[in-house]
Amino acid sequence: MKKFYIRTFGCQMNVYDSRLVREILLSSGFVEVQNPEDADIVLSNTCSVRQKAEERGVKFLRDMKKLGKITVMLGCVAQQHGGEEVIEGVDLAFGTRSYRLIPHALQSLLNGSLLEERIMARDFGLLELTDAPLKRKATGISEFINIMQGCDNFCSYCIVPYTRGREVSRPAEHIIKEAKNLEKQGVVEITLLGQNVNSYFDGRFQFYELLQFLDRETNFLRIRFTTSHPRDLTYSVLRTIAESKSITDWIHLPLQAGSTKILKMMRRGYTKDEYIEITKNIRKVLPEATITTDIMVGFPGETEADFEETIDVVRTVKFDHAFTFIYSPRPGTAAARLKDDVTPEEKGKRLRVLIEEVNKAAHEKRVQMIGKFYEFLVEGHSRKDSSLSAGRNRGFIKGVILGNYPVGTYLLGKVIDVRGLAPIVKPIKVIDHFELFENATVSV
Ligand code: 5AD
Ligand code: SF4
């Protein structure tokens, strides 16, 4: 029996895809190992959203090739290049919609009957036709569910529409079945994934309807979703969250840039003022909502004044958390034709200033949490001290729980009431500490 190892780079979508590939391989008789050194076949699910990410995935597979492993490239880099230009001799490459072909191609390669020198499956017509999502084994208390493929937005900097194709939504029935299967296995939290979940439409149901079905027909403690494009977030979705029992009031709403001029060049479809207005509307319907975001610095043509507009939005909106990036030109995108004219030094400086502002705002939000009570779902233990439980509140805010409770994983998957303590702020990172409330009730 051949042994495989799979490593995942990149976004949550890739994490989900890797789980499916794992399921497909296990059901075809392959055996998973936890160390690449022990494997006959090494698969790398790659990411190409920024150049650095691409390089990491490629280097890993190149090292594996040197060790004599059968190398298989999956994911966005495979879709874009077929692996050919980036890794000499990669054995097999499968684009983002052709994973069901893997077992057969691998068998053919192993028994010497592979007709072509190597297989490259990159046809977007090959939509997934496997039942792996419905059979999949849960690996923890919290799981992702992919509700759609691809993206039609074509933001000028972004490679995703090229690597994941046009937007296609999975039928609601399928998604609900997958969710129920996970629930049966003890999963207490699901996160629905899509590049733009708010434009979900399976021909019959819209996103808020899918949310309503899931909320009604399952008993998860928490249902989350990401990512929301600011232009497509609807009032119906916000109302659905407010009226639901389990959908959490966490909205991940990528800003990308604060300058309306840059937003236009990025083809984001909203202005600075519109973005701010949307966040106000979120807070009107969901006063306690956590708003997180993605922000980029150094897009072509971004002046100091444009960058100041980004800082202004950070100060106005006060995000609970932000993922920050330096713009990286991606071959084939519209923005790659623009002159990458912000110097690396300037980009680095803007990133540092941005992170500082993001942390200041996040810290202010944490201070507002001191003394208030929150429901924490325990997801594991503190990285620094394994005797302390760690988890998140409904709004996705992470924390370590201090106080007297049994050591170890006893609390894993449980919801407990905690009281906010003063956050500890390190120069770059905000680390939140929450205390177990005296009369804590273990409610699950
Ligand atoms: N360069 C830098 N960051 C990018 N992102 C997407 N494309 C690029 C790029 N070319 C960021 C965006 C997106 C997040 C997932 O990655 O902020 O929201
Ligand atoms: Fe890329 Fe824009 Fe689609 Fe997000 S919405 S995946 S940034 S094209």
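Atoms within each ligand, like the ligands themselves, are counted from 1 in listed order.
Only the side chain of C151 comes within 4.0 Å of ligand 2, judged by heavy-atom distances. For P161, every heavy-atom contact with ligand 2 shorter than 4.0 Å involves the side chain, none the backbone. Residue contacts with ligand 2, taken as heavy atom pairs separated by less than 4.0 Å, involve F154 solely via the backbone atoms N, CA, C and O.
Summarising the contacts of atom 15 (C) of ligand 1 with I326, I159, D294, the nearest heavy atom is found in D294. Looking at C158, S328, A257, it is S328 that brings a heavy atom closest to atom 9 (C) of ligand 1.
The aromatic rings of H252 and W250 are tilted relative to each other, their planes meeting at an angle between 30° and 60°.
The pair K347-D340 meets the salt-bridge criterion, since a charged nitrogen lies less than 4.0 angstrom from a carboxylate oxygen. The pair R268-E274 does not meet the salt-bridge criterion, since no charged nitrogen lies less than 4.0 angstrom from a carboxylate oxygen. Using a 4.0 Å cut-off between a side-chain N of Lys or Arg and a carboxylate O of Asp or Glu, E302 and K261 do not qualify as a salt bridge.
Because the distance cut-off is set at 2.8 Å, C158 fails to qualify as a neighbour of atom 3 (Fe) of ligand 2, as none of its N, O or S atoms comes that close.
Annotation: atom 6 (C) of ligand 1 to nearest protein heavy atom, V49 CG2, 3.4 Å. If you check which protein heavy atom lies closest to atom 2 (Fe) of ligand 2, you get C155 SG, 2.3 Å.
Looking only at atom types and distance, the side chain of N45 has no donor-acceptor partner in the side chain of D17 under 3.5 Å away. Side-chain N/O atoms of R224 and T248 include a donor and acceptor closer than 3.5 Å.
Below 3.5 Å of separation, one finds an N or O of R50 facing an N or O of ligand 1.
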- request: Please test E346 against K349 for salt bridge (charged side-chain N to carboxylate O under 4.0 Å, His left out), starting from the C-alpha separation and ending with a verdict.
  value: CA-CA 5 Å; E346 190 56 40; K349 198 187 102 205; 3.6 Å; yes
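At least one heavy atom of R268 sits under 4.0 Å from some atom of ligand 2. Within the structure, ligand 1 lacks V160 among the residues with a heavy atom less than 4.0 angstrom away.
For ligand 1, the atoms sitting less than 4.0 Å from at least one non-hydrogen atom of Q256 are 12 (C), 13 (C), 17 (O), 18 (O), numbered in the order shown with element in parentheses.
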